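All values derive from a computational prediction rather than experimental measurement.
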Amino acid sequence: MSGAETGQVLDTPLTRLAGVRHPVVQTGMGWVAGPRLVTAVANAGGLGVLASATMTLDQLADAIHEVKDRTDAPFGVNLRADAGDAGDRIDLLIKEGVKVASFALAPKRELIAKLKDAGLVVIPSVGARRHAEKVAGWGADAVLVQGGEGGGHTGPVATTLLLPQVVDAVDIPVIAAGGFFDGRGLAAALAYGAAGVAMGTRFLLTSDSSVPDAVKRVYLETGETVVTRQVDGMPHRVLRSGLVDALEDSGRVGGLVRALRNGARFKKLSGMSWREMLADGKAMKHGKDLSWSQVLMAANTPPAQWEVVNLRLGASSSDTMYS
């Protein structure tokens, strides 16, 4: 008889903190973690997290309302602390009574305090022990530790090395991310002292993901990934593709020209003005200590994701983007 049939659950500091039944977090993946996926995860007892970085403020408000209409279970929203409208987004989360605010990079101390004063659970993501110690000292409720096996910008240190370091360094719940996709991984993370695991690609491939089935097949059939700095100037795990190979082979000038073209494509798709894009770039540059060339290269990220669709569908328009 399974645990689901007996009502048995894994009780951990994460489940108690977030008010969920299972110590599993679905990460906030841009254009993937929308209301449908988040609702399914929440109703199944995990912590679903909306990806707000690829939404306008109004779109985020609509997404939150849709999730609330579909479930009474707790859920979270992932935020960019360096976004130009981060304050407005935080006010929205507080107004709507969202349970968890997660961050891809550490928010400032004042931001953590404002969210906690409003009763939200604050969970930043980190890729180093010292970063975990910093946000714990600032009052974060938990920390998501992502090793090099993950897809984000958290550095090359393997999860199996990073996780125990952080568990020993802080006294708040630690969520393990990077390379987890099944029960064996969860058991291993709990044995290391984590309070749960976070998964991205595994949820991207579920039936409740809004990603087209053709794209899911690309993920399943394309076994090779590569960690590159040529997409947006920071380490980034991506599927190997023609675009990625072209970026890897580009010189500095060629890479910047390609990024400018991609930025224009994203401007058209997003409806943002150049002024708004520059403001976001300025905030990103300050928040992550990047050069302007690295900020400009960030425009390569959406086309790199679009190409996964185009590999299978032969499409070239924004109609193939995730809804």
Side-chain angles (χ1 to χ4, degrees), residues 3 8-28 45-47 49 74 76 78-79 81 99-113 115-116 120-203 227 234-237 287-289:
Q8 180 181 352
V9 296
L10 284 173
D11 178 61
T12 76
L14 171 61
T15 61
R16 295 191 292 272
L17 179 67
V20 295
R21 300 196 307 275
H22 308 299
V24 176
V25 178
Q26 162 255 304
T27 59
L47 178 61
V49 179
N78 185 259
L79 299 163
K99 178 68 174 180
V100 174
S102 71
F103 292 88
L105 293 172
K108 294 181 179 179
R109 184 197 301 262
E110 299 77 22
L111 218 53
I112 294 176
L115 288 162
K116 286 176 61 69
L120 276 79
V121 173
V122 181
I123 307 178
S125 298
V126 300
R129 182 179 66 182
R130 66 182 184 280
H131 298 155
E133 292 171 334
K134 180 193 295 184
V135 296
W138 288 353
D141 295 290
V143 64
L144 190 152
V145 175
Q146 180 173 271
E149 297 89 335
H153 300 322
T154 48
V157 180
T159 305
T160 51
L161 299 177
L162 181 60
L163 178 58
Q165 291 179 19
V166 175
V167 168
D168 290 344
V170 300
D171 58 2
I172 58 176
V174 175
I175 303 162
F180 296 100
F181 57 88
D182 61 10
R184 295 175 301 175
L186 173 59
L190 296 177
Y192 271 110
V197 297
M199 301 185 294
T201 306
R202 184 63 186 86
F203 281 108
V227 177
M234 300 176 69
H236 196 142
R237 182 179 298 281
K288 300 178 184 176
D289 193 25

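The distance from the CD atom of Q146 to the OG1 atom of T159 is 7.5 Å, given to the nearest 0.5 Å. Here K99 contributes atom NZ and L17 contributes atom CG; the two are 7.0 Å apart, rounded to the nearest 0.5 Å.
Applying the salt bridge (Lys or Arg N to Asp or Glu O under 4.0 Å) rule to pairs touching residues 194-203 yields nothing, sequence neighbours excluded. The stretch residues 172-188 participates, sequence neighbours left out, in these salt bridge (Lys or Arg N to Asp or Glu O under 4.0 Å) pairs: D182-R184. For residues 172-181, no residue pair satisfies the salt bridge (Lys or Arg N to Asp or Glu O under 4.0 Å) rule, not counting sequence neighbours.
Take T15 and apply the side chain to side chain contact (heavy atoms under 4.5 Å, CB included) test, not counting sequence neighbours, and it matches D11, T12, V20, P23. For R21, the side chain to side chain contact (heavy atoms under 4.5 Å, CB included) test picks out V9, with sequence neighbours left out.
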Please list every donor-acceptor pair under 3.5 Å in which a side-chain atom of residues 122-141 meets a protein atom from a residue at least two apart or in another chain.
residue: S125; atom: OG; partner: F103; partner atom: O; Å: 3.2
residue: D141; atom: OD1; partner: K116; partner atom: NZ; Å: 2.8
residue: D141; atom: OD2; partner: V122; partner atom: N; Å: 2.8

Side chains of residues 162-177: which donor-acceptor partners sit under 3.5 Å, not counting sequence neighbours?
residue: Q165; atom: NE2; partner: L161; partner atom: O; Å: 3.4

Please tabulate, for side-chain N and O atoms in residues 185-198, each donor-acceptor pair with protein atoms closer than 3.5 Å (sequence neighbours left out).
none

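Closest non-hydrogen pair, F181 versus M199, comes out as CA-SD, 3.4 Å. For the residue pair S102 and V49, the shortest heavy atom distance occurs at OG-CG1, 3.6 Å. Across all their heavy atoms, L47 and A18 have their closest contact at CD2-CB, 4.4 Å. Nearest heavy atom pair, residue E149 against residue R237, reads O-NE, 3.5 Å.
Taking 4.5 Å as the limit, every side-chain heavy atom of F180 sits out of range of all side-chain heavy atoms of V25.
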